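Everything on this sheet refers to the single structure shown next.
The structure displayed is predicted, hence computed values, not measured ones. Only heavy atoms go into these numbers, but all of them, side chains included; no hydrogens, no water, no symmetry mates.
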Amino acid sequence: MANSNFQSTILRWYADNGRSLPWRETRDPYAVWLSEVILQQTRIAQGTDYWHRFMRRWPTVELLATATEDEVLKEWQGLGYYSRARNLHAAARQIVANGGFPHTYENIRALKGVGDYTAAAIASIAFGLPHAAVDGNVYRVLSRYFGITTPINSTAGKKEFQQLADELLPRDKAAAWNQAMMDFGALQCMPQSPRCLLCPLQESCHALRNGKIEELPVKEKKLRRRERFFTYYLLQNNGLTAIHQRGPGDIWQGLWEPLLKEDPFPREEAEVRHILTHQTLYARMMAVGATDADLPEGYQWIDFADLADYALPRLVEKLLEKR
DNA sequence: GTCCGGTGCA
DNA sequence: TGCACCGGAC
């Protein structure tokens, strides 16, 4: 199998270059769980001190369960994402109530604050269970090495990467493998300026061979839609109305529309909401009596009845339908 | 200023 | 399915 080279190279690299971290010197599920929760969204450099402090103050899950939420939050202070601390505390009580730390993936996954990634990490590291932990590092390594362009934050992408990670997982070395992949992503195949020149996988890495390192992994941009507020004035001049053709540099280039005034500030009233890829338009249309002299610059009179002959934006059609 | 990231929840 | 949660790196 072509992937055995990938797997053996990663494992060898890990044996030579893996980080020695305090929570890797134990298989105590409590210590592992604590490290994984602290390291969600947090860099090792920042999280390590907190892990030591928690382990010193509450060396077991039973002791953590006796703490108050306030005490846990106080100890968490400065780490951010405080729901992690609240969930950690709640889960400690959950664990004690259940008679001890869970040792199946499903039961670990059921703990508050433990999602797919964290459950797989704990299950593999503390219990040797064959579950592939897929975090940001793993997405990056897999997308680059295998040249996968499916966006990692799409539903299809998550499924595809998890499936691939499951296939690659050496079932008898889950703990080492998961940590190897994460360390490889963090130390070798990092987001910016990865160390491809020194990479043991450079011969077979799809992204490197095809010059796609900078483009992978693909992430769907969460587009923040700009809001715009349009008022259309439907001029009425003895059966004529005024329209103009939209120019370049904005939406609907080349399409026609009645007199448009864009409001610079958010407005409450809107007849129609129209969602485009990068903007949400709130629009209304008002009929206004007019004479020949009212024709605005750039507009022209047409028979109102001919309006349908012009290419109109869907938004304008919707507004006209509402009349 | 922008980007990054697991989980929980609407 | 999209966003809120936070602090740090750049």
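- Remark: A:K219 is in phosphate contact with B:dG5, judged by side-chain N or O atoms under 4.0 Å from OP1 or OP2.
- Atom CZ of A:R57 has more than 12 neighbouring heavy atoms from other residues, nucleotides or ligands inside a 6.0 Å radius.
- With B:dC4, B:dG8, B:dG6 as the candidates, the nucleotide lying closest to the side chain of A:Q40 is B:dG6.
- A donor N or O paired with an acceptor N or O is found under 3.5 Å between the base of B:dG6 and the side-chain atoms of A:Q41.
- Atom CD of A:Q40 sits about 8.0 Å away from atom OH of A:Y117, to the nearest 0.5 Å.
- With distances taken from any side-chain atom of A:Y81 to the nucleotides B:dC4, C:dC6, C:dG7, the minimum falls on C:dC6.
- Taking side-chain N and O atoms only, A:T155 has a distance below 4.0 Å to OP1 or OP2 of C:dT1.
- Atom OG1 in A:T118 sits 9.5 Å away from atom CG in A:D135 (nearest 0.5 Å).
- Note on A:R43: only backbone sugar-phosphate atoms sit closer than 4.0 angstrom, heavy atoms only; bases stay farther off.
- When each of A:R109, A:Q162, A:K158 is paired with A:D116, the side-chain hydrogen bond (donor to acceptor under 3.5 Å, both in side chains) condition holds for A:R109 and for no other.
- The stretch residues 118-138 of chain A has no heavy atom under 4.0 Å from DNA chain C, so no residue of it qualifies as close.
- For A:Y82, taking side-chain heavy atoms from C-beta onward, the closest of the listed nucleotides B:dC4, C:dC6, B:dT7 is C:dC6.
- At a threshold of 4.0 angstrom between heavy atoms, the contacts of A:Q192 with the nucleic acid are absent.
- Note: CE (A:M190) to P (C:dA9) measures 15 Å, nearest angstrom.
- Checked against the 6.0 Å centroid criterion, the rings of A:F54 and A:W76 qualify as a close aromatic pair.
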Start with the C-alpha distance between A:H244 and A:E257, add both sets of side-chain angles, then the distance that settles side-chain hydrogen bond (donor to acceptor under 3.5 Å, both in side chains), and finish with yes or no. CA-CA 6 Å; A:H244 84 135; A:E257 65 186 1; 2.9 Å; yes

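- Of the candidate nucleotides B:dG8, C:dG8, B:dT7, B:dT7 has the atom lying nearest to any side-chain atom of A:Y117.
- Comparing A:R140 and A:N87 against DNA chain B, the residue whose closest nucleotide sits nearer the 5' end is A:R140.
- Following rounding to the nearest Å, A:D49 (CG) and C:dG7 (C1') show an atom-to-atom distance of 15 Å.
- Spacing between atom CZ of A:R109 and atom C1' of B:dG6 amounts to 10 Å, rounded to whole angstrom units.
- One can place CD of A:Q46 at 6 Å from C1' of C:dG7, the figure rounded to the nearest angstrom.
- The aromatic rings of A:H131 and A:Y105 lie parallel to each other, with less than 30° between the two planes, well short of the 60° mark.
- If you measure from atom CG of A:N153 to atom P of B:dC3, you get 13 Å, rounded to the nearest angstrom.
- At whole-Å resolution of the value, CZ in A:R84 and P in C:dG7 are 10 Å apart.
- If you measure from atom OH of A:Y50 to atom C1' of C:dC6, you get 12 Å, rounded to the nearest angstrom.
- Backbone-only engagement by A:V114 is indicated by non-hydrogen atom pairs under 4.0 Å involving sugar-phosphate atoms exclusively.
- For the pair A:R84 and A:E36, the salt-bridge criterion is not met [side-chain N within less than 4.0 Å of a carboxylate O].
- Counting to the nearest Å, the C1' atom of C:dG7 and the CD atom of A:Q77 are 13 Å from each other.
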